[in-house]
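Reminder, nothing fancy here: chain letters follow the sequence lines and each chain counts from 1.
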Amino acid sequence: MLSKLINSIESSIPAVAAHCDIPCKIYDPYSAQIAALSVVRMLDLMNELNAKNGNDLTSQNTMTRYIAEKEKQATICKEEIRIIWGDYFKKPQIDSFPVIHELTHNLMMAASAAKQGAERDNGIKLVSLVNDFAEIFWQTKKIDTKKAICPYPPSLEIVYPSL
Amino acid sequence: MFKLYRVEGKSLEPKITETDLLLGIRPVIFGSFSLPKAKKGDIIVFKKPGYPKMVKEVSMVSVDQYVVIGFHDDSIDSRHFGVVYRSEVCTRIVWIIRGALFKRLRQGLLRKTSDQ
């Protein structure tokens with residue numbers, strides 16, 4: 001009874017919003033980089049299997065799995081970049097790096113091209129654009145970056161923060 | 001005239017938390033409401049079209065316009081909706097009531113209940 005009274009008094013007080021979109025503040029382009037690398041890895045595996053000329057059911061099954069994974073990873077890459085671009089980049093970051101809009105759009109198109117085709121170059125372009133994005137992201141936080149070859153296939157150069 | 005608010009959201013933490021209550025003031029001159037005036041560092045409650053009634057800190061003041069901020073990168077503030085015009089300001093906060101009043105009242109009740 002009294003508890004109900006307290007609840008009703010509390011809810012009768014108007015609320016004012018002090019909202020953040022998400023209060024966690026956790027943004028990192030690494031997930032997008034991993035996804036872009038995975039796209040290249042799947043393209044490599046697809047090309048390897050294709051070179052074997054295998055047309056049996058097992059090969060078809062494996063190829064289908066590679067393609068499905070490539071599709072999935074390209075989508076993850078797009079989603080991760082869109083969230084950072086849409087939620088993290090605000091006026092101060094955009095003013096400092098106005099190229100971010102064009103870069104993000106190019107990245108979306110590169111990811112779609114990687115989905116549509118089987119050419120390795122599409123994947124390489126995606127990794128390169130995601131690296132450009134990561135470099136800008138860390139610069140907005142005034143954190144230096146370094147480039148290093150990732151220690152696993154497809155052994156491509158990746159931008160890492162120097163923490 | 002005084003108005004009491006409760007806070008939803010964390011963008012002003014640690015200065016203002018969701019358990020705080022806020023007391024706002026709006027001056028009344030000759031029987032009609034006047035618009036509150038705020039300076040840098042004041043907490044104001046305002047209403048922008050398309051947004052709920054919001055509370056933020058004033059970070060800059062120009063003629064009848066306020067730039068308001070939350071304390072986190074992803075706060076929804078002037079970086080989203082631009083300046084707040086003086087005509088959009090509802091009240092200026094004069095007292096932050098700490099101590100999770102309602103939470104303590106409920107806990108007090110629970111204790112009493114279990115004692116019996």
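Once rounded to the nearest 0.5 Å, the distance linking NZ of A/K90 with OG of B/S75 reads 7.5 Å. The distance from the CD1 atom of A/I9 to the CG atom of B/L4 is 11.0 Å, given to the nearest 0.5 Å.
Between A/V16 and B/Y5, the shortest heavy-atom distance links the atoms CG1-CD2, 3.5 Å.
The local environment of CE in A/M109 is crowded, with over 12 non-hydrogen atoms from other residues, nucleotides or ligands closer than 6.0 Å. More than 12 heavy atoms of other shown residues, nucleotides or ligands fall within 6.0 angstrom of atom NE2 in B/H80. Atom CZ of A/R65 has 12 or fewer neighbouring heavy atoms from other residues, nucleotides or ligands inside a 6.0 Å radius. Counting non-hydrogen atoms of neighbouring residues, nucleotides and ligands closer than 6.0 angstrom, the NZ atom of A/K125 reaches no more than 12 such neighbours.
For chain A, no part of B/I16 is nearby; none of its heavy atoms comes within less than 4.5 Å.
The candidate from B/K53, B/E13, B/K3 with the greatest count of non-hydrogen atom pairs under 4.5 Å with chain A is B/K53.
Every residue two or more places apart in sequence or in another chain that forms a side chain to side chain contact (heavy atoms under 4.5 Å, CB included) with A/A110 is listed here: A/L126, A/L129. With sequence neighbours left out, the ring-ring contact (aromatic ring centres under 6.0 Å, His included) criterion links A/H101 to A/W85.
A/F133 and A/Y27 fall within the same hydrophobic cluster, where Ile, Leu, Val, Met, Phe, Trp and Tyr residues are linked whenever their side-chain heavy atoms come under 4.5 Å apart, directly or through other members. Under the 4.5 Å side-chain heavy-atom criterion for Ile, Leu, Val, Met, Phe, Trp and Tyr, A/V159 and A/I100 are members of distinct hydrophobic clusters.
Sequence neighbours left out, not one pair with a member in residues 37-75 of chain A passes ring pair (Phe, Tyr, Trp, His ring centres under 6.0 Å).
Taking non-hydrogen atoms and a 4.5 Å limit, the residue list of residues 38-51 of chain B in contact with chain A, ordered by number, reads B/V45.
Residues A/P92 and B/R79 meet the side-chain proximity criterion, which asks for heavy atoms closer than 4.5 Å.
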